[in-house]
Every structure is written in structure tokens, then in C-alpha cells.
Amino acid sequence: MRLGYRAVFGIGIALGALAACSSDDDGKTSGGSGGAGNGDCFPTAPSCYGPGGPSGPGHECLAKTDNSGQKIWKGRLSQIQVTKPDALAKPFIQSTILDKGVNFNQPECNSNGKGTFNWLFEFDSESNKLKMGGGLPIENPGDPGCFAVLPDAQIPVAPVTIDVTMNGNTFSADGIDLTVPIFVTPGDTTNVVLLPIHGGKFQGTFSADHNCIGAYNGDKLDPAIDCLADMSVDPPIYPWENGGTIEGYIGVEESDTVFIPDLKNSLCVLLAGAADWKGTDGYCKTSTKWVGGERPQGDWCIATNQPATADCADAYRLTSGFAANAYPISGDCE
């Protein structure tokens with residue numbers, strides 16, 4: 001069956017924009033000494049945790065399963081924080097697209113999202129292989145996720161398996177080409193945002209029991225603001241402490257195939273600037289400059305996968321930090 005997918009970019013859309021407010025260049029937040037957090041934001045409901053509840057394995061990152069002693073470490077990204085490009089570092093994008101998709105509909109766990117953006121991974125510690133990809137929507141947090149396989153999408157979607165270098169609990173994987181889906185509505189697999197990532201790098205550090213990459217900032221968040229990110233302090237305090245980074249790029253022309261419904265224009269317009277590049281239908285390709293043969297100048301070069309030069313500036317660099325926790329995964333699913 002051919003489904004009516006829309007190819008709507010975005011590692012940047014999906015990877016939101018917390019960095020606009022302040023983060024280290026590698027995407028790792030530096031915590032913060034302000035705020036009224038005193039530990040009250042650590043949830044107590046058993047549903048927020050896996051085996052053992054609030055004192056069980058992986059409780060510091062609200063892990064939903066236990067990787068302790070396992071050969072394959074399964075997990076899900078719990079926070080994605082963009083650091084580049086600056087145009088994507090917008091609180092509006094973070095809150096309305098990224099946070100709503102990544103966070104579950106689980107108020108008892110200080111989570112008020114939709115569970116429609118599920119970036120999943122499996123590390124095989126024996127073969128040093130990493131399987132990663134996007135998952136179908138998760139309506140019941142704690143139910144197993146599955147890697148989405150969408151062969152009929154405008155950009156076919158499937159998980160990838162690549163080599164990963166392990167140094168103790170620190171890992172690094174390079175050369176990732178992956179399209180991750182973000183579904184728009186819980187329970188609806190026909191309306192999806194597609195995220196093409198090229199030349200990607202995925203790196204970070206696991207906790208000793210392989211249940212956490214980063215941690216939940218329950219001891220720093222303020223219940224008076226519903227345990228949300230606290231932007232009143234410098235640096236801001238985010239719900240999660242990042243433990244890894246993602247890097248990659250998207251081509252300038254590819255970015256114009258990506259339409260952002262909430263902004264009513266393409267990713268190209270957002271990155272290049274509406275004043276010069278927004279056409280009548282919200283795409284760069286219908287702008288006067290594009291029709292005249294010009295193209296926006298990116299900050300990256302596809303041919304070299306290096307910073308742009310005077311002769312090659314046909315892509316945009318994308319970087320972010322992330323946190324993750326152990327999560328059950330049942331395999332592939334269409």
C-alpha cells in the first residue's frame with residue numbers, strides 16, 4: 001500500500017532549539033546553579049521507570065527497561081538539543097515540534113508530549129555494531145518501540161546498521177546516512193515528517209550499567225514551573241543533562257523539499273532568510289533569486305564533508321546534543 005507521506009525535513013526541525021538559550025558547543029548543557037530545584041521533580045510513579053521503580057536500574061535517567069548484564073543495549077533519545085545552525089535554535093521550534101514529539105503523554109512523569117518522535121538504537125557489544133532509526137508512534141509509554149520501515153515514503157525509511165567504536169562505555173559511529181521519521185499525530189502513520197541526515201556522527205558515553213546516556217535533571221528543575229526548562233537562570237536548566245552529540249548535514253537544495261507546516265515555509269526559507277528566499281508558495285524554488293539561477297549559500301560542502309569554501313557551499317551543518325535512556329525495542333515494523 002502506498003501511503004501519502006510528505007517529505008518534510010529535519011534534523012534541525014526535529015532536533016529543536018534549546019541551544020538558542022545557551023549550551024556548550026558540543027551540545028552538552030552545563031547544568032546551572034540557579035533555580036529552585038530541590039529534587040521535587042523526580043517523579044514517583046512506577047510508570048516513569050522500568051524494573052525496580054524509582055530506585056531501580058537506570059532511575060537517574062527514567063529508563064524504561066534494564067540493560068544491565070545484556071549484550072545488546074537498547075534505548076531511545078529522551079532529549080535532542082540543536083546547537084547549529086542558529087536559525088534552528090528557536091524556542092518555538094523546540095517546544096512545538098521537538099519536545100512535543102520526543103516527550104511522552106505521561107504527565108505523572110513531568111512529560112506532556114505526544115510520543116510521535118522516537119529515535120531508537122541498539123548497541124551490540126559483541127559485534128560492535130549499532131542499529132539506529134526512527135520508530136512508530138508510542139501511545140503507551142513503556143510499550144516496546146519498533147524501527148519504522150516505510151518503503152513507500154517519498155524518502156524511503158529504514159533503520160541502518162553501522163560499525164561503532166567502543167572505548168569502555170564511550171562510543172562513536174561515523175558516516176551515518178539516515179532518514180528518521182517524525183509522525184505528526186499519535187496513532188496516525190500516514191502523516192509524517194522525514195529527517196534526512198548525511199555524513200552523520202553519533203557519539204557519547206553510557207552509564208556503567210548501560211541504561212543512561214546523560215541523566216534527568218530532577219534535582220535541578222523547579223516544580224513551581226511544572227518541572228519545565230528554567231530559562232530564568234544563566235545558563236538555563238533543561239529537563240535532561242546531555243551525554244552525547246549528533247552531527248551531520250543537509251544539502252541546500254534538499255532543504256527546499258522540506259516543508260514546515262507550523263512555519264508555512266520550507267526549511268530552505270528558514271535557513272536562508274525569508275526576505276530574500278521565500279517564494280509565493282513558501283519555498284525557495286519559487287523566489288525571484290532562485291528562479292534567476294541563484295542558490296542560498298550554506299556553511300558546509302557536500303563533496304568534502306567539511307566547512308564551506310568559496311567554491312563549495314551547498315549544504316548546512318547540523319549539530320546537537322542528546323540524552324537517552326534504556327527502552328524496550330521489539331524489532332522492525334512497517
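Side chains included, hydrogens not; waters and symmetry mates left out as well; all remaining heavy atoms used. Computed from a predicted model, the values in this text were never measured in an experiment.
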Exercise. Is a donor on one side and an acceptor on the other found under 3.5 Å between the side chain of Ser330 and the backbone of Gly145?
Worked result: yes
Problem set entry | Pairing residues for Lys264 by the salt bridge (Lys or Arg N to Asp or Glu O under 4.0 Å) criterion, not counting sequence neighbours | none
Exercise. Linking I/L/V/M/F/W/Y whenever any side-chain heavy atoms sit under 4.5 Å apart, do Leu62 and Leu228 land together?
Worked result: no
Exercise. Taking only residues two or more places apart in sequence or in another chain, which ones pass ring-ring contact (aromatic ring centres under 6.0 Å, His included) with His198?
Worked result: Tyr249
Exercise. Which heavy-atom pair separates Gly282 from Val269 by the least distance, and what is that distance?
Worked result: O-CG2, 3.4 Å
Problem set entry | No-hydrogen, no-angle side-chain donor-acceptor test under 3.5 Å, Thr205 and Thr170 | yes
Exercise. Going through the checks in order, is the side-chain contact (heavy atoms from CB on, under 4.5 Å) test met by Ile246 and Leu77?
Worked result: CA-CA 11 Å; Ile246 303 170; Leu77 270 59; 3.8 Å; yes
For this session: Please examine the side chains of Cys227 and Asp222, heavy atoms only from C-beta on, and report whether any two atoms are closer than 4.5 Å.
Result: no
For this session: List in chain and number order the residues that pass side chain to side chain donor-acceptor pair (under 3.5 Å) with Asp66, two or more places apart in sequence or in another chain; answer none if no residue qualifies.
Result: Ser68, Asn211
Exercise. Pick one: which of Ile138, Asn118, Leu136 meets side chain to side chain contact (heavy atoms under 4.5 Å, CB included) with Cys146?
Worked result: Leu136
Exercise. So, for Gly58 and Asp209, which heavy atoms are closest and what is the spacing to 0.1 Å?
Worked result: N-OD2, 3.7 Å
Exercise. With a cut-off of 6.0 Å (strictly less than), are more than 12 heavy atoms of other residues, nucleotides or ligands near NZ of Lys100?
Worked result: no
For this session: Report whether Phe147 and Val160 are members of the same hydrophobic cluster (ILVMFWY, side-chain heavy atoms less than 4.5 Å apart, transitive linking).
Result: no
Problem set entry | Atom of Gly134, atom of Pro181 and distance for their closest heavy-atom approach | CA-CD, 3.6 Å
Exercise. Hey, are the side chains of Asn325 and Tyr49 touching, using non-hydrogen atoms and a 4.5 Å cut-off?
Worked result: no
Problem set entry | Check against side-chain contact (heavy atoms from CB on, under 4.5 Å), Leu130 and Thr161 | CA-CA 5 Å; Leu130 166 63; Thr161 300; over 6 Å; no
Problem set entry | For Met132, the option from Val180, Val164, Leu178 that meets side chain to side chain contact (heavy atoms under 4.5 Å, CB included) | Leu178
Exercise. Atom CG in Asp230, atom CD1 in Ile225: separation rounded to 0.5 Å?
Worked result: 4.0 Å
Exercise. Will you find, in the side chains of Thr319 and Thr83, an N or O donor that is under 3.5 Å from an N or O acceptor?
Worked result: yes
Exercise. Is any side-chain heavy atom of Cys301 closer than 4.5 Å to a side-chain heavy atom of Gln306?
Worked result: no
For this session: Applying side chain to side chain contact (heavy atoms under 4.5 Å, CB included), name anything that partners Gln106, two or more places apart in sequence or on another chain.
Result: Ser47, Lys64, Phe104, Glu108, Cys109, Ser111, Pro141
For this session: Indicate the atoms forming the closest heavy-atom contact of Ala229 with Pro239, along with that distance.
Result: CB-CD, 4.0 Å
Problem set entry | Qualifying ring pair (Phe, Tyr, Trp, His ring centres under 6.0 Å) pairs, either residue in residues 201-224, two or more places apart | Phe42-Tyr216, Trp73-Phe206, Trp73-His210, Phe123-Phe206, Phe171-Phe202, Phe171-Phe206, Phe202-Phe322, Phe206-His210, Tyr216-Trp240
For this session: Evaluate the criterion side-chain contact (heavy atoms from CB on, under 4.5 Å) for residue pair Thr189 and Phe183; output intermediate values, then yes/no.
Result: CA-CA 6 Å; Thr189 59; Phe183 295 90; 4.0 Å; yes
Exercise. Under 3.5 Å, is there a donor-acceptor pair between the Asp124 and Ser127 side chains?
Worked result: yes
Exercise. Taking the side chain as C-beta and beyond, is there a heavy-atom pair between Pro223 and Cys41 under 4.5 Å?
Worked result: yes
Exercise. Is there a donor-acceptor pair under 3.5 Å between the side chain of Tyr327 and the backbone N or O of Gly142?
Worked result: yes
Problem set entry | salt bridge (Lys or Arg N to Asp or Glu O under 4.0 Å) partners for Lys131, two or more places apart | Asp332
For this session: Decide yes or no for Asp177 and Pro196: does some side-chain heavy atom of the first lie under 4.5 Å from some side-chain heavy atom of the second?
Result: no
Problem set entry | With sequence neighbours excluded, residues passing salt bridge (Lys or Arg N to Asp or Glu O under 4.0 Å) with Asp163 | Lys129
For this session: Compute whether any side-chain donor of one residue and acceptor of the other, for Asp256 and Ser266, lie under 3.5 angstrom apart.
Result: yes
For this session: Might you point out which heavy atoms bring Ala308 and Trp300 nearest each other, and give the distance in Å?
Result: CB-N, 3.5 Å
For this session: Could you list who else is in Trp290's hydrophobic cluster, with ILVMFWY side chains joined at under 4.5 Å, directly or through other members?
Result: Trp277
Exercise. Should Thr185 and Thr116 count as side-chain neighbours, where that means a heavy-atom distance under 4.5 Å?
Worked result: no
Exercise. With a 4.5 Å heavy-atom cut-off, do Pro137 and Lys114 have their side chains touching?
Worked result: no
Problem set entry | Asp226 side chain reached by Asn110 side chain, heavy atoms, under 4.5 Å | no
Problem set entry | Whether Thr309 side chain and Cys312 backbone form a donor-acceptor pair below 3.5 Å | yes
Exercise. side-chain contact (heavy atoms from CB on, under 4.5 Å) between Tyr316 and Val252: does it pass, once the steps are laid out?
Worked result: CA-CA 7 Å; Tyr316 295 106; Val252 169; 3.7 Å; yes
Exercise. To the nearest 0.5 Å, how far apart are CD1 in Ile302 and OG1 in Thr304?
Worked result: 9.5 Å
Problem set entry | Nearest-0.5 Å distance that lies between atom CG in Asn169 and atom CD1 in Ile213 | 10.0 Å
For this session: Check salt bridge (Lys or Arg N to Asp or Glu O under 4.0 Å) between Glu60 and all other residues, then give those that pass, not counting sequence neighbours.
Result: none
Exercise. Is the side chain of Lys220 donor-acceptor paired with the backbone N or O of Ile237 at a distance under 3.5 Å, no angle test?
Worked result: no
Exercise. Are side-chain N/O atoms of Asn105 and Glu139 paired as donor and acceptor at under 3.5 Å?
Worked result: no
Exercise. Between Ser320 and Gln81, do the side chains contain an N or O donor and an N or O acceptor separated by less than 3.5 Å?
Worked result: no
For this session: Verify the cluster assignment for Ile182 and Leu120: are they in a single hydrophobic cluster under the rule of side-chain heavy atoms below 4.5 Å apart?
Result: no
For this session: Kindly compute the distance separating CG (Asp152) from CD (Glu334), expressed to the nearest 0.5 Å.
Result: 8.0 Å
For this session: Could you tell me whether the side chain of Ser287 and the main chain of Gly279 form a donor-acceptor pair under 3.5 Å?
Result: no
Problem set entry | Sequence-distant partners of Lys74, side chain to side chain contact (heavy atoms under 4.5 Å, CB included), two or more places apart | Asn67, Ile72, Glu122, Ile329
Exercise. Salt bridge (Lys or Arg N to Asp or Glu O under 4.0 Å): which pairs involve residues 295-317, sequence neighbours left out?
Worked result: Glu247-Arg317, Glu253-Arg295
Exercise. When rounded to the nearest 0.5 angstrom, what distance separates CG in Asn217 from CD in Glu241?
Worked result: 5.5 Å
For this session: Using the salt bridge (Lys or Arg N to Asp or Glu O under 4.0 Å) rule, collect all pairs that involve residues 272-284, keeping only residues at least two apart or in two chains.
Result: none
Seminar exercise, completed: Nearest heavy-atom contact between Leu194 and Val157 is CD2-CG2, 3.7 Å
